[in-house]
Amino acid sequence: MALERLFRRKRPSGGGRDVPELWTKCEACGAQIYKKEFQENLHVCPKCGHHHRMPAEERVAMLADPGTFQETTRLRPLDPLGFVDTKPYAERLKAYQGETGRPDAILGGTCAIGGVPAVLLVMDYAFAGGSMGSVVGEEIARGAERAAEEGRALVIVAASGGARMQEAALSLMQMAKTVMSLDLLWGKRLPYVSVLTDPTTGGVTASFAALADVIFAEPGALIGFAGPRVIRQTIRQELPEGFQRAEFLLKHGMVDRVTDRRRLKREVVQALRHLHPGVPYAPGV
Amino acid sequence: MALERLFRRKRPSGGGRDVPELWTKCEACGAQIYKKEFQENLHVCPKCGHHHRMPAEERVAMLADPGTFQETTRLRPLDPLGFVDTKPYAERLKAYQGETGRPDAILGGTCAIGGVPAVLLVMDYAFAGGSMGSVVGEEIARGAERAAEEGRALVIVAASGGARMQEAALSLMQMAKTVMSLDLLWGKRLPYVSVLTDPTTGGVTASFAALADVIFAEPGALIGFAGPRVIRQTIRQELPEGFQRAEFLLKHGMVDRVTDRRRLKREVVQALRHLHPGVPYAPGV
Amino acid sequence: MPLEFEKPILELERRIQELKETAKATGVDLQAEIRLLEERLAQLKKETYGNLTPWQRVQLARAQGRPTTLDVLEKAFQDFLELHGDRAFADDPAIVGGLAYLEGEKVVVVGHQKGRDTKENLQRNFGMPHPEGYRKAMRLMDLADRFGYPFLTFVDTPGAYPGVSAEERGQAWVIAQSIQRMSRLRVPAVTVILGEGGSGGALAIAVANRVLILENAWYSVISPESCAAILWRDAKEAPKAAEALKLTAKDLLAQKVVDAVIPEPEGGAHKDPDRAIQNLKEALLKTLEELKGLSPEALYQDRYRRFRRLGAYAEP
Amino acid sequence: MPLEFEKPILELERRIQELKETAKATGVDLQAEIRLLEERLAQLKKETYGNLTPWQRVQLARAQGRPTTLDVLEKAFQDFLELHGDRAFADDPAIVGGLAYLEGEKVVVVGHQKGRDTKENLQRNFGMPHPEGYRKAMRLMDLADRFGYPFLTFVDTPGAYPGVSAEERGQAWVIAQSIQRMSRLRVPAVTVILGEGGSGGALAIAVANRVLILENAWYSVISPESCAAILWRDAKEAPKAAEALKLTAKDLLAQKVVDAVIPEPEGGAHKDPDRAIQNLKEALLKTLEELKGLSPEALYQDRYRRFRRLGAYAEP
Ligand SMILES: [Zn+2]
Ligand SMILES: [Zn+2]
């Protein structure tokens with residue numbers, strides 16, 4: 001799994017420590033950006049358009065209609081295997097919880113998106129590289145169940161290095177669990193839209209994220225199964241330019257659209273309104 | 001469509017005119033073969049294994065259990081468009097009927113194959129290049145209907161240059177008709193096995209022939225959508241060695257097995273006995 | 001690029017234009033002469049366009065400026081959201097599709113897409129799909145079935161691409177699969193032949209409950225040129241082949257291969273695309289209305305029967 | 001190639017053999033000495049094989065001569081007819097499948113296939129499938145559903161192939177699709193982990209009603225080497241990772257990731273493949289018997305529930 005990336009760069013989003021607090025620096029072009037402007041521009045560089053990683057809360061704020069979001073995610077992780085590598089898993093969890101203020105790598109709840117009733121689930125790359133363990137798997141399954149029960153669309157924003165190694169086989173099983181839970185939406189003709197952000201790899205791509213009715217990807221996002229380092233080691237060659245980036249995925253038929261974050265809500269709403277059987281046509285919404 | 005081949009070589013099977021009647025000559029290695037031996041060897045060259053084209057009646061004799069075949073194909077072609085090229089279609093039909101003793105390019109009926117009740121349909125390349133017009137399409141649809149009604153498996157031996165140009169759009173419609181008729185077998189869980197022989201191209205490959213539960217191909221058979229000449233003209237390059245031959249198709253995942261004609265019945269029976277729900281396991285059959 | 005048989009018309013139009021300019025520039029009254037020529041022009045158009053040969057129609061069906069699938073989606077539909085990719089190999093620009101509304105009704109649409117200029121034509125491979133194009137179409141059929149929305153297709157292709165890569169990736173197989181997938185839809189399916197309906201590559205997305213065709217479009221098992229090359233051994237005999245193949249809208253209606261003909265403006269759809277698209281839209285709405293009462297199972301059966309009865313043969 | 005931890009056993013076996021030969025050649029009576037050494041050998045084997053570490057089991061799971069899918073199909077099943085191809089791109093030799101009978105019952109089978117020697121291993125890509133392998137598996141799932149026959153899979157892969165071509169053709173997508181397709185089967189589905197159960201590439205064909213595992217096989221989200229390379233930053237720490245990952249049959253049974261463990265002969269399945277396969281066959285028959293009474297819908301629900309409950313978390 002591609003957790004490797006997490007260990008190379010821990011910060012979820014732009015901003016080195018050598019620029020003053022009020023300013024941040026574009027990862028791609030190096031431009032100095034006023035932080036407030038950066039945030040208002042949804043963490044997209046106003047100079048070069050580079051899409052930086054974005055905190056989960058801001059994702060929710062960006063997609064949910066104002067004032068409609070009711071958080072539902074609250075499960076807490078366990079350490080079922082008593083996993084210890086260079087540090088115990090239990091300690092790692094505590095550290096991530098401290099850093100993010102979240103029990104695990106997912107934030108979700110009910111809301112309206114462009115007026116469409118929805119369950120919105122956002123993965124948090126800042127928490128253990130957005131890795132999927134039992135909590136993420138269960139929250140996604142419960143999200144799908146809730147959507148089916150309450151006639152809501154399901155929207156998942158994926159950001160993950162893959163499976164949660166420290167839960168080993170149990171983490172692997174979440175791939176099956178999440179995929180199977182999507183069947184409930186089929187039975188009720190409720191739409192499921194996924195948004196693949198940087199990065200989406202491993203067991204998350206290879207399960208629920210790939211099976212949406214409509215799949216959006218953000219420009220430049222790394223998306224794939226195996227991580228680039230593993231592939232490079234396997235083939236012992238440099239990887240082609242743009243390999244596993246969102247635009248590459250579009251060309252290879254894996255995603256429906258690569259959409260600029262500043263247009264993302266509009267397009268997600270367009271897909272949801274069309275596919276949700278309970279929502280009639282309204283021009284220009 | 002790949003009828004072009006027909007116009008280059010009209011004879012359906014080996015045998016130039018420069019060898020005496022009792023002998024025939026292998027198309028591939030040039031070996032002189034005693035005709036009776038050639039026929040007993042199912043038109044496979046005993047020297048090099050080349051599979052020559054085979055008359056439709058011999059196909060039936062090879063696949064149907066002795067004494068079980070009851071012919072059902074008897075529809076006669078019309079000339080719905082009054083088609084005339086360098087010769088009227090009506091005249092061409094008469095000539096083919098005279099040469100083959102058959103109303104159109106298909107011979108079929110009910111039989112048992114390894115004890116499995118079946119509808120067996122064999123296309124005849126000697127009749128207008130095995131092209132599919134209204135008669136072939138209708139006989140295949142009726143064959144599928146009969147199989148579904150009587151609880152029989154469906155076995156089709158394909159050999160075709162494609163669609164019957166002289167029936168134009170009506171010939172094209174047979175692709176949809178034949179494909180749709182296969183649904184009747186699905187409803188009753190009855191198996192459908194196709195055997196792709198040299199050549200199977202155009203609208204026949206691109207309809208019923210490609211949709212069997214198990215697809216056999218004969219060694220060296222030319223199989224594809226577009227004919228090689230058309231492709232050569234399109235890409236303006238020589239075609240790769242072995243392109244569109246059965247072995248190429250196997251490598252590219254299009255057929256289940258490339259089977260020597262002398263083992264073909266055994267394998268077809270194996271597939272039919274397994275898939276036909278009414279037939280129990282019997283070791284070594 | 002004017003079509004050969006339209007040249008006398010264009011010549012006359014040019015002369016009328018010249019006379020008008022002369023009159024304006026010199027102040028000489030040429031009203032009578034102009035009126036005369038205009039009457040002659042109307043007459044000539046009526047003669048030419050009222051008696052189009054099949055081969056002339058084939059040329060109109062290919063004319064630059066003729067509405068493409070994306071033109072139709074833009075002008076007859078609302079809020080088209082294009083979806084991409086076959087989820088397996090590539091996104092094929094020769095087939096487009098996605099979600100749209102037709103007068104507020106939710107539909108899923110798919111169509112062949114030719115380029116509107118040379119550069120775009122290259123990118124879209126002249127509307128000749130590879131297997132991944134048909135796989136994208138099948139994915140959209142799945143989507144239509146999953147949500148129960150009508151499935152509409154627009155046909156405009158010289159044929160599926162006859163190349164090495166397409167054969168390697170199973171062109172025949174994917175066409176067969178697409179025919180099967182479309183025939184199994186449990187939603188209303190309507191096809192419009194926009195321009196060229198070339199063989200299996202067209203049929204793969206034309207297994208509909210109702211097949212409509214624009215007045216000058218053609219639909220057949222082979223292009224006139226290829227047919228001529230084989231049967232006459234000379235592609236230049238295409239006009240003869242076009243005649244023999246009975247590939248015009250009117251001929252196809254008689255054969256019951258299509259269910260209705262959508263009228264085009266005089267001189268072809270490219271002369272007034274908006275009008276052509278308006279006619280198309282009205283025909284689509286009427287057709288969808290006809291299918292409205294049918295249950296999912298009845299829609300399947302209706303489609304089955306439609307194709308089951310096509311063909312001409314004699315019982316023994 | 002002997003495994004490192006087996007070397008003392010092999011050394012002792014060699015010495016016993018030598019003594020026997022000496023006795024035969026010289027006529028000297030060495031019965032007592034031989035008996036003594038044989039007792040010591042039995043004791044050593046019991047100690048070694050009775051206390052295998054997870055890492056030692058991982059090595060056994062990869063041992064040359066361990067039964068592969070095709071070995072199982074040949075010896076536990078009758079009349080296997082291999083079917084090939086994904087009908088879209090290629091036939092992947094890293095996954096095999098087809099029609100077979102298990103004690104006369106019709107079944108459809110699929111499994112990863114490693115090579116039995118170096119040359120075959122190259123041809124079979126060491127049992128690491130490309131997307132087309134999973135597409136073949138899905139086609140066989142369709143076949144099992146279409147005819148209502150039990151679907152059996154054999155898992156033995158280090159993982160899905162991590163290469164450029166595999167990514168280009170949608171490795172992640174096809175694994176997700178295969179998980180979904182298998183979970184939707186309306187027939188009994190049983191999986192046996194034969195050797196290596198490496199991550200998503202294993203799970204893609206392991207979404208069964210019952211998952212069995214051979215005693216020395218492993219199944220996890222990552223191989224011990226890759227896990228060590230990431231978490232310990234050193235692949236040589238694989239033994240530690242193997243321990244931490246709780247990837248042995250017994251551990252997996254405790255986690256309910258597998259439903260039963262199939263015993264292997266002493267020293268591993270490769271020491272007596274026939275016996276291992278016989279054990280496997282009995283376990284399969286017993287498991288199929290358990291699933292026999294369930295309706296198609298009940299089989300789907302049973303599988304859903306099986307995976308739905310897996311995981312460890314705390315309610316707030
Ligand atoms: Zn920038
Ligand atoms: Zn020979």
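Chain letters run A, B, ... following the sequence lines, proteins first and then strands; every chain starts at 1. Computation of the quantities below employed the complete heavy-atom set of this structure, encompassing side-chain atoms and omitting hydrogens, waters and symmetry-equivalent molecules.
Using a 4.5 Å cut-off between heavy atoms, C:L81 touches chain A through backbone and side chain atoms alike. In this structure, no portion of C:E105 lies under 4.5 Å from any heavy atom of chain A. In this structure, chain A has no heavy atom under 4.5 Å from any part of C:R135.
Atom CG of A:L250 sits about 6.0 Å away from atom CG of C:D91, to the nearest 0.5 Å.
Annotation for A:Q270 and C:F80: closest pair NE2-O, 3.7 Å, computed over non-hydrogen atoms. Considering all non-hydrogen atoms of both residues, A:L190 and C:F147 come closest at C-CE2, 3.8 Å.
The greatest number of non-hydrogen atom pairs below 4.5 Å with chain A, out of C:A100, C:G98, C:P93, is found for C:A100.
In this structure, A:H252 and C:F89 have side chains that are not in contact, with every pair of non-hydrogen atoms separated by 4.5 Å or more.
The pair C:R87-A:D256 meets the salt-bridge criterion, with a side-chain N (NZ, NE, NH1 or NH2) lying under 4.0 Å from an Asp/Glu carboxylate O. Salt-bridge formation is not detected for the pair A:D213/C:R139: no Lys NZ or Arg NE/NH1/NH2 atom is positioned less than 4.0 Å from an Asp or Glu carboxylate oxygen.
The main-chain N or O of A:R273 is found under 3.5 Å from a side-chain atom of C:K106 such that the two form a donor-acceptor pair.
Remark: aromatic rings of A:H274 and C:Y101 are close, center separation under 6.0 Å.
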